[in-house]
Undergrad: 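After the structure tokens below, expect a handful of questions from me.
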Amino acid sequence: MDLQIEEQLASSRRTITVLIPCYNEQESLPLLFERMEALVADSESLEYTVLFVDDGSADDTRSLIKQYAQEHSYVEYIFLSRNFGKEKAMYAGIENVHTDGLVIIDADLQDPPELIPQMAELWRQGYDDVYARRRSREGESWLKKITSRWYYDLLQKVSGVVIQKDTGDFRLLDHKCVDALKQLDESERNSKALFSWIGFKKIEFLYDRDKRVAGKTKWNYMKLFHLAMDGITSFTTMPLKIATWAGSLVSFAAIVYAIVILVRTLAWGVDVPGYASTMVVVLILGGIQLLSLGIIGEYLGRVFMQTKNRPIYLVQEQHIVK
Ligand code: UDP
Ligand code: MG
């Protein structure tokens, strides 16, 4: 009996939200609309809602989205009051999802929406988190590729949680995962860390990441560095421990060196030349102190942001059909 019900459920139409964070994407949107329209039109097993979150764009993004929403009943939107960053824009979307599933894609069509039905197949088989893993990273500089590889190796080592490699925010999540994510309301967000942290039944889906269809990337190395730090600090206090270890080690070495100097001075008298050794000690100690302070600062800053308890984002205007 159960089997029959399960089969019926599996073959029934599921509702799914495609969440698209947008920031100054007026060049990409017309192409995106075209491809979403085609996808929605020939879908039998999925009932789509397309949810745009505009992250404070200064160009025509909002008017384009509004117009598209007027023409199509499956379109929803949330306009944030200013630019909050992709992480927070995604959270705004996640909080408003009311369908069985969720897919997150970039507005620049780097994540082909045509793959959604194939991902949904895996979802039907019972997986809760179908994450798209890049087979190739076309159109990205070698520097970005290599730094991101190092970063994820490091994150994996320090966090103890399995991190999905070569994976972005492009994934299909069951409503179980969406509900879990809604509860993670931390202000300094790193979605990839959060997606890993929630667990559930995950499966990878290989795909070729396309080039941006139009416009320019909104990322720069400052933003990426901050995101990377969010990933580490949200997972682990390991850097603080490393600072403690390094501090202890250097203190021990300093004590040994102090004894050596003391004994030498007592035995052979005062030895004036010593500029080089003094400088070495001062520089090493100073360097380690500053580094440790910096690490503590990274954590303290995030504690500070979180304790202010401000809302994660503010909405200027929204159109959600429930
Ligand atoms: N984005 C956003 N807010 C921002 C920066 C980016 O909502 O502050 C959106 C952007 O419109 C795009 C997605 O996040 O849909 C990914 O951005 P982008 O393509 O610039 O990043 P990349 O693909 O180069 O990593
Ligand atoms: Mg992109």
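Since we're looking at a predicted model, the values are computed, not measured. Read the numbers this way: they start at 1 and go in the same order the structure lists the ligands and their atoms.
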Undergrad: According to a 4.5 Å side-chain heavy-atom criterion applied to Ile, Leu, Val, Met, Phe, Trp and Tyr, with indirect links allowed, do Ile104 and Ile198 form part of one hydrophobic cluster?
TA: yes
Undergrad: So Leu29 and Cys22, do their side chains get closer than 4.5 Å, heavy atoms only?
TA: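 The answer is yes, as the side chains (C-beta and beyond) meet within the 4.5 Å cut-off.
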Undergrad: Show which atoms of ligand 1 fall inside a sub-4.0 Å distance from at least one heavy-atom site of Glu25.
TA: 10 (C), 11 (O), 12 (C), 15 (O)
Undergrad: Within a distance under 4.0 Å of any heavy atom of Asp55, pick out the atoms of ligand 1 and give their elements.
TA: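 So the answer, numbered in order with elements, is 2 (C), 3 (N), 4 (C), 7 (O), 8 (O).
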Undergrad: Could you verify whether a donor N or O on one side chain and an acceptor N or O on the other, from Glu47 and Thr15, lie under 3.5 Å apart?
TA: no
Undergrad: Can you find a non-hydrogen atom of Arg209 under 4.0 Å from ligand 1?
TA: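 Judged by the 4.0 Å heavy-atom criterion, Arg209 does count as contacting ligand 1.
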Undergrad: Just by distance, with hydrogens left out, do Thr61 and Glu25 show a side-chain donor and acceptor under 3.5 Å apart?
TA: no
Undergrad: Could you list which atoms of ligand 1 come closer than 4.0 Å to a heavy atom of Pro21?
TA: 7 (O), 9 (C), 10 (C), 11 (O), 12 (C), 15 (O)
Undergrad: Do Lys201 and Asp128 meet the salt-bridge criterion of a basic N to acidic O distance under 4.0 Å?
TA: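 Lys201 and Asp128: not salt-bridged.
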Undergrad: Please classify the Asn83 to ligand 1 contact at 4.0 Å (heavy-atom distances, strictly less than): side chain, backbone, both or neither.
TA: side chain
Undergrad: Output the atom name for the N/O/S atom of Asp108 with the smallest distance to the Mg ion (ligand 2).
TA: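 The atom in question is OD2.
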Undergrad: Charged N to carboxylate O below 4.0 Å: is that the case for Glu317 and Arg62?
TA: no
Undergrad: Using a strict 4.0 Å cut-off to heavy atoms of Asp108, name the atoms of ligand 1 that fall inside it.
TA: 19 (O), 23 (O)
Undergrad: Measure the acute angle between the ring planes of Tyr68 and His72, then classify it against the limits of 30° and 60° as parallel, tilted or perpendicular.
TA: tilted
Undergrad: If we only count N/O pairs under 3.5 Å, is Ala107 in contact with ligand 1?
TA: yes
Undergrad: Below 4.0 angstrom from a heavy atom of Gln110, which ligand 1 atoms are there? Numbered from 1 as shown, please.
TA: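 Listed by number with element, the hits are 19 (O), 22 (P), 23 (O).
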